[in-house]
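Report on the following structure.
Residue indices begin at 1 and follow the sequence shown.
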Amino acid sequence: RIEEVEGQPGSPITVRGPSTGTPARFLGRSCCNTIDLRNVAHLTIQNIVFDGNGEVVDAIKAGGGESDWTHHITIEGCRFQNHDAGQSNQQVVAISTKIVSWDWVVRGNTIDGAGTGAYFGNLDGSGAFIGGLIEGNLFADTLGYSMQIKHQEARESVPGVPSEKRVTVIRHNVFIKKDNPSPSGGRPNLLVSGFPDSGAGSEDHVEIYGNFFYHNDEDSLLQASGRVHLHDNIFVDGTGSAVRFANHQGKTVIDALVYNNTIYDTARGINFSDAPSGVSVVQGNAIFSPEPLLGVSGENGNVTDSVAAAASYMNKPSTVLGDMDFYPQGTMLTGSPLDGSVLASDLDYDRDFNGDPKDFTVRGAYHGSGSNPGWAPGSTLKPLPSDSSSTSSSGAGVGGGGASGAVAGAGGGGPVGIDEESGCGCAVVGAPAEPWLPMWLAALMVSLGLRRKRHSKVEPHGAASCALPRVDRGGQ
């Protein structure tokens, strides 16, 4: 349990495993979630394997009451596995927030085996998730949602909660579902819902781009309401819609900006089950589906054709992971430039799926033709483009949270190395020098709520375990 503790901007508290070699492993226990967060800020969790061990517990959960909060939390380079109670419970979640949380960064993680991969917000619309950055993650095998951002009712009033317009960014992730049945019913790979009807947060929106969505035999690949900007994604293989805009849990579809996406072999392409009440743009998409466009407004310059005809447009369209190539061949996806001025406020609006510049002359998620110079869609992490725009509107930023730093209030001193003989493969960054180590560890156990009961184990070397990671000083 980590609670009532704050790092500093640029110097977060950091719980970190080794970047190479034998990983640090936190094992799930039946008593409790592996890491619980409450009233915590500027914290980074990095390079840890979270193994649910088949237990009905979450890996990382921010929870509490309506007066509790978290902000500037970074989860990076971690692996989550066996968080589905033996493929029987989609209520088990790898990463979850149930209290108001803002400026989270979830980057470069692999979630392979979870009831739900990530669940941000609460069932009743409380616990708003604000200004998050979700990028470069692999959601490989979930029973229910790969990821969901819940609808938001009136925003809780807690110290520091943002009141200005914010943007949540979901980019360069891989959302893969398999044929495991969903015990509680089919769910989309990704669901995003709407914001408060008035007051703080009512003008927020979500930007979703550069993602790969693959396979769903029970629901849509993406379902959305509220204000959603969707561009330069690839959607493949579904018995429902690739993209479905629909009113959900009392939240209506307001803005739908859908441009330069590639859709292949889904029963329906872009489906407006409910019409947007605000801005509607559907342009420059390449859709190969029996029903490419349903109920859409603002349609302009899309290419639509049959699944069978797709091979005339792209190198190797396929539903087989590792054997697909949706990069254009020839000029059949090329046309006159489309107007991108209404889109210009979006992050990376002028970058394609690979992060390469585009001029709106090519339909679909790629700009160019011939050999694909970028990542091949598959069941691996998608590398982040080196020049992705910073999410300055959210405050999180591409580098938000940081990977190392000092604990607030920690003293000075030289570095303390990880003890390679201890069996512990992780480090809490930001400690004073070695002579003060025992006293500081006692203080840390109190401040982080690590009292008599341990809520996780660290087992990097088989049966070896340790109650508390060794300590290293960040930035050395």
message: If we count only N and O atoms by modelled type, under 3.5 Å, do the side chains of D68 and N39 hold a donor and an acceptor together?
response: yes
message: Working to the nearest 0.5 angstrom, can you tell me the gap between I45 CD1 and L43 CG?
response: 5.0 Å
message: Quick test of your reading of the model: are R38 and E4 salt-bridged, counting only N-O distances below 4.0 Å?
response: yes
message: Regarding K177 and D219, does a basic nitrogen lie under 4.0 Å from an acidic carboxylate oxygen?
response: no
message: For the CD1 atom of I95 and the SG atom of C78, what is their distance to the nearest 0.5 Å?
response: 7.5 Å
message: Suppose we call two aromatic rings close when their centres sit under 6.0 Å apart. Are H151 and H248 close by that rule?
response: no
- request: Indicate whether any N or O donor in one side chain lies under 3.5 Å from an N or O acceptor in the other, for S126 and D124.
  value: yes
- line: Interatomic distance, CE@M147 vs CD1@I170, rounded to 0.5 Å, equals 3.5 Å
task: Name the orientation class of the two ring planes belonging to F353 and Y366 (parallel below 30°, tilted from 30 to 60°, perpendicular beyond 60°).
output: perpendicular
- request: Verify whether one side chain among N189 and H215 offers a donor that lies under 3.5 Å from an acceptor in the other.
  value: no
query: Taking atom types as modelled and ignoring hydrogens, do the side chains of S241 and N271 form a donor-acceptor contact shorter than 3.5 angstrom?
result: yes
task: List in chain and number order the residues that pass side chain to side chain contact (heavy atoms under 4.5 Å, CB included) with D84, two or more places apart in sequence or in another chain; answer none if no residue qualifies.
output: Q87, L143
message: To the closest 0.5 Å, what do you measure between NE2 (H42) and CG (D103)?
response: 8.5 Å
Plane angle bin for F245 and F272 - parallel if under 30°, tilted between 30 and 60°, otherwise perpendicular: perpendicular
query: Does D58 come within less than 4.0 Å of K98, counting only side-chain N to carboxylate O?
result: no
- request: Could you check if a side-chain atom of F139 sits within less than 4.5 angstrom of a side-chain atom of Y145, using non-hydrogen atoms only?
  value: no
message: Run the side chain to side chain contact (heavy atoms under 4.5 Å, CB included) test against D274 and tell me which residues pass, sequence neighbours left out.
response: A246, N247, V253
field: For K61 against N33, the heavy-atom pair lying closest together
entry: CD-ND2, 3.5 Å
- prompt: What's the spacing between D51 CG and R25 CZ if we round to 0.5 Å?
  reply: 5.0 Å
Extract all donor-acceptor atom pairs below 3.5 Å that involve side chains of residues 193-203 and protein atoms in other chains or at least two apart in sequence.
residue: S193; atom: OG; partner: S225; partner atom: OG; Å: 3.3
residue: D197; atom: OD1; partner: K251; partner atom: NZ; Å: 3.1
residue: S202; atom: OG; partner: G199; partner atom: O; Å: 2.8

field: Parallel, tilted or perpendicular: ring planes of F213 versus F175, cut at 30 and 60 degrees
entry: parallel
- prompt: Can you tell me how far the NZ atom of K150 sits from the OG1 atom of T97, to the nearest 0.5 Å?
  reply: 11.5 Å
message: Assess the residue pair W104 and I75 against the criterion (side-chain contact (heavy atoms from CB on, under 4.5 Å)); give the C-alpha distance rounded to whole Å, side-chain angles, the decisive distance to 0.1 Å, and a yes or no.
response: CA-CA 8 Å; W104 277 50; I75 304 171; 3.6 Å; yes
query: Between F212 and H172, does the ring centroid distance fall short of 6.0 Å?
result: no
message: Is it the case that the side chain of N122 and the backbone of G125 share a donor-acceptor pair, with hydrogens and angles ignored and the cut-off at 3.5 Å?
response: no
task: Would you please say whether a donor-acceptor pair under 3.5 Å links the side chains of N260 and D232?
output: no
task: Name the orientation class of the two ring planes belonging to Y259 and H231 (parallel below 30°, tilted from 30 to 60°, perpendicular beyond 60°).
output: parallel
query: Considering all heavy atoms of both residues, which atom of I176 and which atom of S146 are nearest to each other, and what is their separation?
result: O-OG, 4.1 Å
